[in-house]
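Each residue takes its place number in the sequence, starting with 1. Just so it is clear, the model here is predicted, and its values are computed rather than measured.
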Amino acid sequence: MPDSRGGSQAGRTAPRTLAEALRARADDELAALLRARPDLLSPVPNDVTQLATRAGTRASVVRALERLDRFALQTAEALAVASDPAPYGELLGLLTGDEPVPEVAAALPGALAELRRQALVWGEDERLRLVRTARELLAPQPTRPSPTGLGPTVAEATAGMSPGRLQEIVAEAGLPATHDPVSAVAALTSLFTDRERMARLLDTAPSEALSVLDRLVWGPPYGEVTASPAPPVRWLRDRGLLLPTSPRTVVLPREAALHLRAGRAHRTPEPVPPAVVVAAERRPQVVDSAAAGQAYTALATVEDLLKDWHEGGPAVLRAGGLSVRDLKRTAAALDTTEPLAAFWLELTYAAGLLASDGEVDERYAPTPAYDEWLELPAARRWAVLATAWLAATRTPGLVGGQDSKGRTLSALGPELDRSAAPEVRHRVLRLLAALPDGAAPDPRSLQDRLRWERPLRGDALGTGARDLRARLTEWTLSEAELLGFTGRGALAAPARALLGGADGAADGSGTADYGTGSGTADYGTGSGTGARTGTGRDTGTGRGTGGAGRDARRAHAVALLTPLLPEPLDHVLLQADLTAVAPGPLERPLAEALSVLADVESKGGATVYRFTPGSVRRALDAGRSASDLHAFLAAHSRTPVPQPLSYLIDDVARRHGHLRVGAASAYVRCDDETVLGEILADRRSQGLGLRRLAPTVLAARTDPAALLEGLRSLGYAPAAESAEGDVLITRAHARRTPPRTAPVPVPDGPPLPDRTLLGAAVKAIRAGDLAATVERRPAGAGASAPPADGELPRTTAAETLATVQAAALTGSALWIGYVNADGAASQRVIAPVRVEGGFVTGYDHTADEVRTYPLHRITGVAELVED
């Protein structure tokens, strides 16, 4: 008979345990199990028995169940309420009911194969067994209803019921009396599972009783009753259709509920994933252009943010993170909202461009990597931000919320990592990539699809986790639009190239599990090849991709984005109202020089700069002369330099440095005595504490910096001077942190193993299994019986040496017990090659390599019995 895996059961011995079932698997099937459940590899199991034991632990089973799609989970839930073991036909009946459902019949073999692959189900099709821990988690219990809504069986519900009460129920149900409780329970079970007799019994039920059953049939199956229940409830209770679980509680038995459900374990089986609905379709060129515009805006926003913190950013809170006040200031500086400001902060932090300086008075500042990032072309700078976002586990959408202790979550602070974020982010983008070019999805259908793919991720962890994954999906869509991954809701070509295509070729093993790495310009994924099954799962094998594949995808994305970004300009348009218009992005040297000479008045498609006396003085303080400024404007303006601007520069330059401020505590000197007299006579200067020391010198009680600001507020243009009397040139002092690495994403469980690790692990498990299960014989004629499984062999030193030397001569393999330098004991199968100097060198089948062992650490040896 062909089984659900496409093979034949002929000549195959039915496994009696999960360990036997795993032992019968091929190496590639064991590797598929370890890839799907990487927690089983920490550490590598010694043998198949230990692997099976670890696969049945509660924590591992919960993790495996969380990664099942809805139909695979429904299949497992149906097995949990089926007989143990259950034939394939019974399982199919629980999923389809009395009426055939072709979609369920077509999808069930794939779902069952997935459960087998993850070692949650074992056994042939006629004896399907759900792992005991999974059955305990999914089967109905009084304290936790089953996901199917079914209650306990008749046998479970009547456990502890008096024989007399059982006979009363049997009689009321119209069944002949029995001689013992076991046969009475069997008679009731037979009645409830017999469709014809059950239908005749329900035909005699009052209509009110049927209404009671309708309220319980799909769950929860428990109901409360009074000490004197109503006649319809008494009718049901007397015939066993409601069985008491306590003096005030009754339950609908599972067999009766299945009859009322027409045999279905679930109200609505969902064998096919819901489709992602296309909400709008746009031309791909429009999408790419819109995304490129957003990408350029993202770069400009990050630059503005870090330029604002160029000389040092806000202080770090004692508990870590940014204060609410500083977040508001940052949002105002970026002309955006606080949630968006938190997103840009977290993005720059994830990319390694921003960090704390680690000083005693700890503050945030750009990192040295920021200066390197600025030198990159625009498209490559976008790729750095994009890859950092893909891998980041930090979740800026949580900023402003509260943690489990009621503390407010701050931007750049702790407690913002959510390990599910990269998986959700990648999966959302994959679903977008699967749509036609230019198609924007309906967000609600996208949420439905993700819930189908991971229905248990919230329930197993609490309702908050379910809500978090839904919010992660919403945040992913909005953040992808902000970063330029999408344009007008549809995935753009550069993002599609960065992901590696729509077929999941850059993903992990096809179960929507994505491996992420860290770094400022890199992210890690696995790769997989295979077909798409009818249940929407990606099947096939996965392999880790190297840096060459990531670099190729990133280079492709950069190549696609580069022509879409505007070319930097080397000119501006000067206007008579003391403004300059930059019709596009400016070359970096021009932008930096213009930002000193003028103030930014507005941004958008074109940036407007305004020249003011203060901005011109700022340029003069930076060491530029009036002639330098005239030459700079003439060289970079496509329009003639307006006369008002020339007059402004000359007027400010004429007065700049006329007054000199130095340290006395502070002093003011000027060759024009009348100017100093005006300052002394001005009432507004009284706070500066000025007094005349000489006709051309005033002394002040304030420090030079305060004196400079005070005189400027009076309308003067003083210049600071050094102790030698030279004018001080003031420039912005860039503040950088020491070299910092980007924050490492918090993994969602163990990392996905690569092909090399999987191969080595399978070989080690096979070798350990051989050492644990092979038949052995003692080393000498007078030796004791072979040790029991799991125990190390014990032989004398002389017997050990003689046996090892003989095996080296004959080339045979030995089973040895070995204790390493740390005292850890293990069993190994070795083929000795050379014995000398107190050491034995041989091929270790367990480690799959040649090793040398000290003879004094070998507890004993045993020869392997030949077949």
Colleague: Give the C-alpha distance, both sets of side-chain angles, the deciding distance and a yes or no for side chain to side chain contact (heavy atoms under 4.5 Å, CB included) between F71 and V272.
Modeller: CA-CA 8 Å; F71 186 64; V272 179; over 6 Å; no
Colleague: Check for a donor-acceptor pair, side chain of T53 on one end and backbone N or O of T49 on the other, with a separation under 3.5 Å.
Modeller: yes
Colleague: Ignoring hydrogens and angles, tell me if any N or O in the side chain of S445 forms a donor-acceptor pair with the backbone of P441 under 3.5 Å.
Modeller: no
Colleague: Do V424 and V428 touch side chain to side chain, with heavy atoms closer than 4.5 Å?
Modeller: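 With C-beta onward as the side chain, the pair touches.
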Colleague: Quick one: salt bridge (charged side-chain N to carboxylate O under 4.0 Å, His left out) partners of D417, sequence neighbours excluded?
Modeller: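 D417: salt bridge (charged side-chain N to carboxylate O under 4.0 Å, His left out) contacts with R394.
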Colleague: Ignoring hydrogens, what is the shortest heavy-atom contact between L138 and P147? Give both atom names and the distance.
Modeller: O-CD, 3.5 Å
Colleague: Kindly indicate whether the side chain of M198, heavy atoms from C-beta on, has any atom under 4.5 Å from the side chain of L241.
Modeller: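 They are in contact (side-chain heavy atoms under 4.5 Å apart), so the answer is yes.
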Colleague: Apply salt bridge (Lys or Arg N to Asp or Glu O under 4.0 Å) to residues R427 and E453 and explain how you reach the verdict.
Modeller: CA-CA 10 Å; R427 190 56 191 153; E453 292 182 350; 2.8 Å; yes
Colleague: For E20, which residues count as a side-chain contact (heavy atoms from CB on, under 4.5 Å) partner, sequence neighbours excluded?
Modeller: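 E20: side-chain contact (heavy atoms from CB on, under 4.5 Å) contacts with P15, R16, T17, R23.
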Colleague: If you compare all heavy atoms of L120 against all heavy atoms of L130, which two are closest, and at what distance to 0.1 Å?
Modeller: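 Residues L120 and L130, closest heavy atoms: O-CD1, 3.4 Å.
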Colleague: Taking only Lys NZ, Arg NE, NH1 and NH2, and the carboxylate oxygens of Asp or Glu, determine whether E66 and R63 approach each other closer than 4.0 Å.
Modeller: no
Colleague: Does E136 offer a backbone N or O that forms a donor-acceptor pair with the side chain of Q141 under 3.5 Å?
Modeller: yes
Colleague: Donor-acceptor pair, T193 side chain versus L191 backbone, under 3.5 Å?
Modeller: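 No.
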Colleague: Please check: side-chain N/O of R449 versus main-chain N/O of L431, any donor-acceptor pairing under 3.5 Å?
Modeller: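 Not a single qualifying donor-acceptor pair exists.
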Colleague: Do L22 and W122 come close enough that some side-chain heavy atom pair is under 4.5 Å?
Modeller: no
Colleague: Please check: side-chain N/O of R116 versus main-chain N/O of G123, any donor-acceptor pairing under 3.5 Å?
Modeller: yes
Colleague: Do you know the tightest heavy-atom contact between T393 and S419?
Modeller: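 That would be CG2-CA, 4.3 Å.
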Colleague: When rounded to the nearest 0.5 angstrom, what is the spacing between CZ in R418 and CG in L472?
Modeller: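 So the gap between those two atoms works out to 9.0 Å.
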Colleague: Does the side chain of F192 come within less than 4.5 Å of L260's, by heavy atoms?
Modeller: no
Colleague: Between E270 and R70, does any side-chain N to carboxylate O distance fall below 4.0 Å?
Modeller: yes
Colleague: Sequence neighbours left out, what passes salt bridge (charged side-chain N to carboxylate O under 4.0 Å, His left out) with R165? Give chain and number order.
Modeller: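 R165 satisfies salt bridge (charged side-chain N to carboxylate O under 4.0 Å, His left out) with E168, D238 only.
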Colleague: Checking Q50 now: which residues fulfil side chain to side chain donor-acceptor pair (under 3.5 Å) with it, not counting sequence neighbours?
Modeller: R54
Colleague: With side chains defined as the heavy atoms from C-beta onward, is the minimum distance between T75 and V121 less than 4.5 Å?
Modeller: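 With C-beta onward as the side chain, the pair stays apart.
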Colleague: At their closest point, which heavy atom of A421 faces which heavy atom of T395, and how far apart are they?
Modeller: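 Looking at all heavy atoms of both residues, the closest pair is CB-OG1, 4.1 Å.
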Colleague: List for me each residue that meets salt bridge (charged side-chain N to carboxylate O under 4.0 Å, His left out) alongside R129, sequence neighbours excluded, and say none if there are none.
Modeller: D84
Colleague: Only counting residues at least two apart or in another chain, list the ones meeting side-chain contact (heavy atoms from CB on, under 4.5 Å) with E196.
Modeller: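 Partners of E196 under the side-chain contact (heavy atoms from CB on, under 4.5 Å) test: D194, R200.
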Colleague: Which atoms form the tightest heavy-atom contact between P753 and L757, and what is the distance?
Modeller: CB-CD2, 3.6 Å
Colleague: I need the full list of side-chain hydrogen bond (donor to acceptor under 3.5 Å, both in side chains) pairs touching residues 94-107, with sequence neighbours left out, sorted by first then second residue.
Modeller: D98-R195
Colleague: According to side-chain hydrogen bond (donor to acceptor under 3.5 Å, both in side chains), does anything in residues 258-267 pair up with another residue at least two apart or in another chain? List the pairs.
Modeller: E77-H266
Colleague: Would you call E114 and R67 a salt bridge, taking side-chain N to carboxylate O under 4.0 Å as the test?
Modeller: no
Colleague: Working to the nearest 0.5 angstrom, can you tell me the gap between L252 CG and L236 CG?
Modeller: 9.0 Å
Colleague: Under 4.5 Å between any side-chain heavy atoms of L128 and P85, yes or no?
Modeller: no
Colleague: If a pair satisfies salt bridge (charged side-chain N to carboxylate O under 4.0 Å, His left out) and one of its residues is in residues 251-260, list it, with sequence neighbours excluded.
Modeller: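 For residues 251-260, and leaving out neighbouring residues, the salt bridge (charged side-chain N to carboxylate O under 4.0 Å, His left out) pairs sorted by first residue read E156-R254.
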Colleague: Not counting sequence neighbours, which residues clear salt bridge (charged side-chain N to carboxylate O under 4.0 Å, His left out) with E90? List them please.
Modeller: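 With neighbours one apart ignored, the set is empty.
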Colleague: Between R37 and A55 (side chain of the first, backbone of the second, donor and acceptor by atom type, cut-off under 3.5 Å), is there such a pair?
Modeller: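 Side chain of R37 to backbone of A55: a pair is present.
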Colleague: Go through the structure and list residues passing side-chain contact (heavy atoms from CB on, under 4.5 Å) with T249, not counting sequence neighbours.
Modeller: Y222, T245, S246
Colleague: Would you please name every residue forming a side-chain contact (heavy atoms from CB on, under 4.5 Å) with A184, sequence neighbours left out?
Modeller: L166, Q167, V170, T178
Colleague: For residues A119 and V131, report the shortest heavy-atom separation together with the two atoms involved.
Modeller: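 Smallest heavy-atom distance, with atoms named: O-CG2, 3.0 Å.
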Colleague: Taking the side chain as everything from C-beta on, heavy atoms only, tell me whether Q118 gets closer than 4.5 Å to L68.
Modeller: yes
Colleague: Is any NZ, NE, NH1 or NH2 atom of the basic residue among R35 and D28 found under 4.0 Å from an Asp or Glu carboxylate oxygen of the other?
Modeller: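 Salt bridge flag = no for D28 with R35.
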